[in-house]
> 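Right, I'll just put the structure down here and ask away after.
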Amino acid sequence: MQLTQPEVNDFRRTLLAWYGENQRPLPWRRDRDPYRIWVSEIMLQQTRVAAVLYRYERFLERFPSLERLASARVNSLLAEWSGLGYYRRARHLHGAARILVRERQGVFPQTASELARLPGIGAYTAAAIASMAFAEPVPAIDGNVERVLRRIIGKRQRRRDLRDAAEQILDRSRPGDFNQALMELGATVCLPSRPRCPACPIRGFCSTRGCGELRQLKPRRRKRNITYAIVQRQHEIILVKRDPGSRLLPGMWELPEVDNEKGKTWFSLRHSITTTDFTVYVVRLAGLPGGGRWIKMSSLDMLPLTGLARKILRVAGIIQSL
DNA sequence: AATCCGGGGCA
DNA sequence: TGCCCAGGATT
């Protein structure tokens, strides 16, 4: 994409004007507090805005500052993170908070290159925080922006070309707004499958206008059946802690898995994880042959439950929140 | 560059 | 049921 300087200026002005009119009022856009922006960016990694909206304010009430986050137990974070997925994000968030408090007196680095050294912060997130909180003129290229840039540039791009184009069009006086404008465009107009080109403010600069898409081959999804038992007495329920060394959901708590006996199902539900669609059956049992621990139901909110366990307990009416 | 990590909502 | 969706770490 070779634009003249007046064209670049026109592009920036047009996009920022559109963003000013059309941006969604998201809670992390309220101010430039690096802590609030950081938390939002980590939550938003591979996670839909709608899912984050439910959790964001509650998380900040529980951990209102970097210091409070750093002094919390990691299990508290995981419990609060339950259902959001990619639990390594919560562990990295905690680790980074401790590093910031211990080594930097709780002061955030103000450049993308320094931010990227913290756990859980890659190139995109570093640029997003640096531009939004500290106005550093660096392009933030996430999946949305990459798609938008590819469409604008047209055919025959490499990663290098994307970066060059992003550098060229970035508004250096308002990098945070500009980056968010590009992301907002990707999230609401320049959609992956059905781009709304007639509604696009910068269609005049776009060389493809949604054509020539190369859709990725999606991995086929597996199906699995699984059965969990709910075993209760008075104010307690049996839960199982996953192996802390397991690759999947290490150290998190779930319901005991049992063999499926036909006709015993209390209820069933569906649960999708990565490329597997689970059909989950839940049975009520009076006792359990295997292991597990009795957990007070009043303390369930404090425990790092897997998203599925939380979902089952909610459907069963044993917990209410989220 | 490929692979692993999770989850929910909607048509 | 199929499809879509604001990445980072590891190898």
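Letters A, B, ... are given to chains in the order of the sequence lines, protein chains preceding strands, and every chain is numbered from 1.
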> Could you go through the side chain to side chain contact (heavy atoms under 4.5 Å, CB included) check for A/M132 and A/R32 one step at a time?
CA-CA 7 Å; A/M132 294 175 202; A/R32 302 190 166 204; over 6 Å; no
> What integer distance in Å separates A/H271:NE2 from C/dT1:P?
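After rounding, the reported distance stands at 16 Å.
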> What is the distance, to the nearest angstrom, from the CZ atom on A/R55 to the C1' atom on B/dG6?
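Computing the A/R55:CZ to B/dG6:C1' distance gives 12 Å.
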> Identify the heavy atoms of A/P175 and A/A135 that sit nearest to each other, and give their distance.
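For A/P175 versus A/A135, the nearest heavy atoms are CG-O, 3.4 Å.
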> Output the rounded distance in Å from CG (A/L248) to C1' (B/dT3).
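After rounding, the gap between these two atoms is 14 Å.
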> Given atom CD of A/Q23 and atom C1' of C/dA6, what is their separation to the nearest angstrom?
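One finds 15 Å between C1' of C/dA6 and CD of A/Q23, rounded.
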> If you check every side-chain atom of A/Q46, which of B/dG7, C/dG7, C/dA6 has the closest atom?
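Nearest listed nucleotide: C/dG7.
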> Considering only heavy atoms, which members of residues 124-142 of chain A lie under 4.0 Å from some atom of DNA chain B?
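Close to the strand, none.
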> Show every salt bridge (Lys or Arg N to Asp or Glu O under 4.0 Å) that has at least one partner inside residues 68-79 of chain A, sequence neighbours left out.
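Every pair satisfying salt bridge (Lys or Arg N to Asp or Glu O under 4.0 Å) with a residue in residues 68-79 of chain A: there are none.
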> Give the rounded distance in Å between these two atoms: NE2 of A/H94 and P of C/dG8.
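About 21 Å, once rounded to whole Å.
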> Starting at CZ of A/R293, measure out to CD of A/E236 and round the result to the nearest 0.5 Å.
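That separation rounds to 10.5 Å.
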> With a 4.0 Å cut-off on heavy atoms, is A/L269 in touch with a base, just the backbone sugar-phosphate, or nothing at all?
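Contact class for A/L269: none.
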> Look at the side-chain N and O atoms of A/K311 and state whether any lies under 4.0 Å from the OP1 or OP2 oxygen of B/dG8.
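Yes, such a contact exists.
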> Rounding to an integer number of Å, can you tell me how far A/E254 CD sits from B/dG6 P?
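Rounding to the nearest Å, CD of A/E254 and P of B/dG6 are 12 Å apart.
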> In this structure, how many angstroms lie between the C1' atom of B/dG7 and the CG atom of A/L305, rounded?
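My rounded result for the distance is 15 Å.
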> Using a cut-off of strictly less than 4.0 Å between a heavy atom of the residue and any atom of DNA chain C, enumerate the qualifying residues of residues 27-45 of chain A by number.
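Contacts with DNA chain C under 4.0 Å: A/W28, A/R29, A/L44, A/Q45.
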> Mind jotting down which residue pairs meet the ring pair (Phe, Tyr, Trp, His ring centres under 6.0 Å) criterion with at least one end in residues 15-48 of chain A? Sequence neighbours excluded, please.
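Residue pairs passing ring pair (Phe, Tyr, Trp, His ring centres under 6.0 Å), neighbours aside: A/W28-A/Y56, A/W38-A/F108.
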> Above 12 or not: heavy atoms from other molecules or residues under 6.0 Å from CG of A/D259?
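Count not over threshold, so no.
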> Does A/R242 qualify as a cation-pi partner of A/W253, given the criterion of NZ or CZ under 6.0 Å from the six-membered ring centre and within 45 degrees of its axis?
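The answer is no; the distance or angle limit is not met.
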> Calculate, to the nearest 0.5 Å, the distance between atoms CG and CG belonging to A/L185 and A/N144 respectively.
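CG of A/N144 is found 9.0 Å from CG of A/L185.
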> Can you list, in residue-number order, the parts of residues 172-187 of chain A that come under 4.0 Å of DNA chain B, counting heavy atoms only?
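Residues of residues 172-187 of chain A that come under 4.0 Å of DNA chain B do not exist, since none gets that close.
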> Thinking salt bridges, do A/D177 and A/R174 make one under a 4.0 Å N-O criterion?
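Salt bridge: yes.
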> Nucleotides 9-11 of chain C: which of its N/O atoms have a protein N/O under 3.5 Å away?
residue, atom, partner, partner atom, Å
C/dA9, OP1, A/G120, N, 2.7

> Using whole Å, what does the distance between atom P of nucleotide B/dG8 and atom CD1 of A/I312 come to?
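Going from CD1 in A/I312 over to P in B/dG8 covers 11 Å.
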> Is the distance from OP1 or OP2 of B/dC5 to the nearest side-chain N or O of A/R247 less than 4.0 Å?
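So the side-chain polar atoms of A/R247 do come within 4.0 Å of the phosphate oxygens OP1 or OP2 of B/dC5, strictly under.
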> At their closest point, which heavy atom of A/C190 faces which heavy atom of A/R151, and how far apart are they?
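Shortest heavy-atom separation between A/C190 and A/R151 comes out as SG-NH1, 3.1 Å.
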> Pairs in or reaching into residues 57-78 of chain A: which pass ring pair (Phe, Tyr, Trp, His ring centres under 6.0 Å), with residues at least two apart or in two chains?
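Applying ring pair (Phe, Tyr, Trp, His ring centres under 6.0 Å) to every pair that reaches into residues 57-78 of chain A, excluding sequence neighbours, yields A/F59-A/F63, A/F59-A/W81.
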> Cut-off 3.5 Å, no hydrogens considered: what does the side-chain donor-acceptor table look like for residues 119-126 of chain A, sequence neighbours left out?
residue, atom, partner, partner atom, Å
A/Y124, OH, A/E41, OE1, 2.9
A/T125, OG1, A/Q45, NE2, 3.0

> Taking the P atom in each of B/dG6 and C/dC4, what is the distance between them to the nearest angstrom?
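Pairwise P distance, B/dG6 against C/dC4, rounds to 23 Å.
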> Categorize A/R24 for me: base, sugar-phosphate, or nothing, with a 4.0 angstrom heavy-atom threshold over every strand shown.
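Base: the residue A/R24, judged by heavy atoms under 4.0 Å, touches a nucleobase.
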> How many angstroms lie between atom CD1 of A/I318 and atom CD1 of A/I312, to the nearest 0.5 angstrom?
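Separation between the atoms: 10.0 Å.
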> Not counting sequence neighbours, list each pair that qualifies as a salt bridge (Lys or Arg N to Asp or Glu O under 4.0 Å) and has a residue in residues 90-113 of chain A.
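Found A/R104-A/E114.
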> Excluding sequence neighbours, so at least two apart, what forms side-chain contact (heavy atoms from CB on, under 4.5 Å) with A/Q5?
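In terms of side-chain contact (heavy atoms from CB on, under 4.5 Å), with neighbours along the sequence ignored, A/Q5 is linked to A/V8, A/N9, A/R12.
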> Using the ring pair (Phe, Tyr, Trp, His ring centres under 6.0 Å) criterion, which residues pair with A/Y281? Sequence neighbours excluded.
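Partners of A/Y281 under the ring pair (Phe, Tyr, Trp, His ring centres under 6.0 Å) test: none.
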> Using atom names, set out every protein N or O paired with an N or O of nucleotides 9-11 of chain B below 3.5 Å, distance rounded to 0.1 Å.
none

> Considering all heavy atoms of both residues, which atom of A/V231 and which atom of A/A286 are nearest to each other, and what is their separation?
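Looking at all heavy atoms of both residues, the closest pair is CG1-O, 3.7 Å.
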